[in-house]
Asks: 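Below is the structure I would like to discuss, written out as structure tokens.
The structure presented is a predicted model; accordingly, all values stated were derived computationally and were not measured. Within every chain, numbering begins at 1; the chains are lettered A, B, ... in the order of the sequence lines, protein sequences first and strands thereafter.
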Amino acid sequence: MIKLDGVTKIYGHDTLAVDDVSFDVAKGDFVFLVGPSGSGKSTLLRLMSREEVATQGDVWVAGRNVCEMPPSRVPYLRRSLGNIFQDYKLLLNKTVFENVAFALEVIGKPRHVIREQVPFVLELVGLADKSERFPNQLSGGEQQRVSIARAFVNRPLIMLADEPTGNLDPATSEGIMSLLQEINETGTTVVMATHDHRVVNAMRRRVIQLDRGLVVRDQERGVYE
Amino acid sequence: MLARIEYALRETWASFRRNLTLTLAAVLTSAIALLLVGATFLIQRAFENLLVQWRGDVAMIVFVRSDASPEQVALIDGTLRAAPSVIDVDKLRYLDKAESYAEAQRIFVGDPVTLSLLTPESIPTQFKVVPITQDTDLVRSLADQYRTLPGVEAVALAEDEFEVISTLSGFVRNVTLIMSLVLLAVAVGLIWNTIRTAMFARRREIEVMKLVGATNWFIRIPFMLEGLLQGLIGGVVSCAGVWALNSAWSGGVAAFKPGTGISSLVVPGGYLSGVMLVLLVLGAAIGAIGSAIAASRFLDV
């Protein structure tokens, strides 16, 4: 589903973020990218969603080489990806329902699809009763659920999560992780960057550890060290 | 498809209202710029009426009495052709009654009283004379000579009637043209700035849109429509302005005494509609240009 082949990313002239990284992620996998701040986790996610382009090497996502993709094709790549972030990136002037609907609206989905899909996915993340609230009327964990609903509503092949539990307390994080696991069980590949020991150790899934842009460990059923 | 169009229109309208102050500034500036463009067109057209009889380097017009005999006309023609060192005989033109009447209809367009006194029968015919020489004194002495010929009603010299107006017309054209070009550029700049501000205000939305896979065109179109709308509204306002100006001017001109020449300075209604159409198209164009530049440059907010 995802294949990185000798990927190097240099920001500006000399800031080496990712250094000759290669790995494969199979369909349906759940992968943690771990490592300290600045180790290149976020850069790898940004390379996969083509917010950045590799300086060297190839990045394959869902069978397409995203480095050689013309810019006009990038939106269609993004439609097969769901992105979630530490800061949720919700639109504060829109309700929960509108935030999720927005993702379908801007890719031109007709209204009957929106009316059908949005309540379904809000039910899935457990926010069916709060669909008319605004984001700042919700707790952090609830806001992250909205952002997961928005990422998942278009049934992406891959979920890319950048520190999704970074702002949440342990109990709330646990809820978010079981939601991501549920989504993973539907066959969606999940790649999650984190430095949250507890969630990594609790899940026991594949762990790719980065240090200063290099892969230093790639372990099935790993823990955070 | 329908959902996309609906989305674009809804967003355009919402953004239009959100930035009301900036939008008003952009609309007014484009309206004023376009008004000046329209005024330039009208002024030029009005001057043209006045100058039409001198078109093509004509420097002297010999008016022939309407009751002159064909022999007298032939004599005048012969006399004019007898001075090939002063007169360009190849360009010498005789306007018969029908042609002279057609020309008079343009000259006296704003002066119905004078026009009503003229008929195709009573109108003087005319020889249009293009001189070869630059020596104006020589042309003037010839004119004095022609006045004495039988059948000649009057001889008019461009030097006396035409040159002041021609110079004035050129000056007014240059000034208004430069001013309108500058203002048009300002209008494009203001629309550009309004759209840029609108995009900046909605940068989070744009970020999310890109994240979930909206195409750049999908993101751009509401902003471009907004700019187009601003330019178009400016165009409509300028049309109203041009129409009001022209009505006031035509009304004022009609009050002048007949035969003073000022009465030529009006434009026909068909020309006015043409100018208004040009202003609408031009307004839409400046809106489209300003917003297109903004929307393509600031998509990475």
Asks: Could you list which of residues 93-110 of chain A have a heavy atom closer than 4.5 Å to any heavy atom of chain B, in residue-number order?
Replies: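 At a heavy-atom separation under 4.5 Å, chain B is reached by A:N93, A:K94, A:F102, A:A103, A:E105, A:V106, A:I107, A:G108, A:K109, A:P110.
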
Asks: Please indicate whether A:Q56 has more than 12 foreign heavy atoms, meaning atoms of other residues, nucleotides or ligands, lying under 6.0 Å from its CD.
Replies: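 Not buried by this count: 12 neighbours or fewer within 6.0 Å.
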
Asks: Just wondering, do B:V212 and A:N154 contact through their side chains at under 4.5 Å, heavy atoms?
Replies: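 A:N154 vs B:V212: side chains apart.
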
Asks: Looking at A:Q86, I'd like to know if its CD atom is crowded, meaning that more than 12 non-hydrogen atoms belonging to other residues, nucleotides or ligands lie closer than 6.0 Å.
Replies: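 Yes, enclosed.
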
Asks: Do other residues, nucleotides or ligands put more than 12 heavy atoms under 6.0 Å from the CZ atom of A:F120?
Replies: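 12 or below, so no.
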
Asks: Roughly how far, to the nearest 0.5 Å, is CZ of A:R79 from CG of B:L211?
Replies: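 Reported to 0.5 Å precision, the distance equals 13.0 Å.
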
Asks: Is the side chain of B:R204 donor-acceptor paired with the backbone N or O of A:L90 at a distance under 3.5 Å, no angle test?
Replies: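 Yes: the side chain of B:R204 pairs with the backbone of A:L90.
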
Asks: Verify the neighbour count for atom CE of B:M179: are there more than 12 heavy atoms of other residues, nucleotides or ligands below 6.0 Å?
Replies: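 Atom CE in B:M179 is not packed in, count stays at 12 or less.
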
Asks: Should the heavy atoms of other residues, nucleotides or ligands under 6.0 Å from CZ of A:F85 be counted, would the total exceed 12?
Replies: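 Count over threshold, so yes.
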
Asks: Using atom types as modelled, flag every donor-acceptor pair under 3.5 Å from a side chain in residues 217-236 of chain B to any protein atom, sequence neighbours excluded.
Replies:
residue, atom, partner, partner atom, Å
B:E226, OE1, B:S15, OG, 2.8
B:E226, OE2, B:S15, OG, 3.4

Asks: Can you tell me if B:R18 has over 12 outside heavy atoms packed within less than 6.0 Å of its CZ?
Replies: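 It does: B:R18 CZ has more than 12 such atoms within range.
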
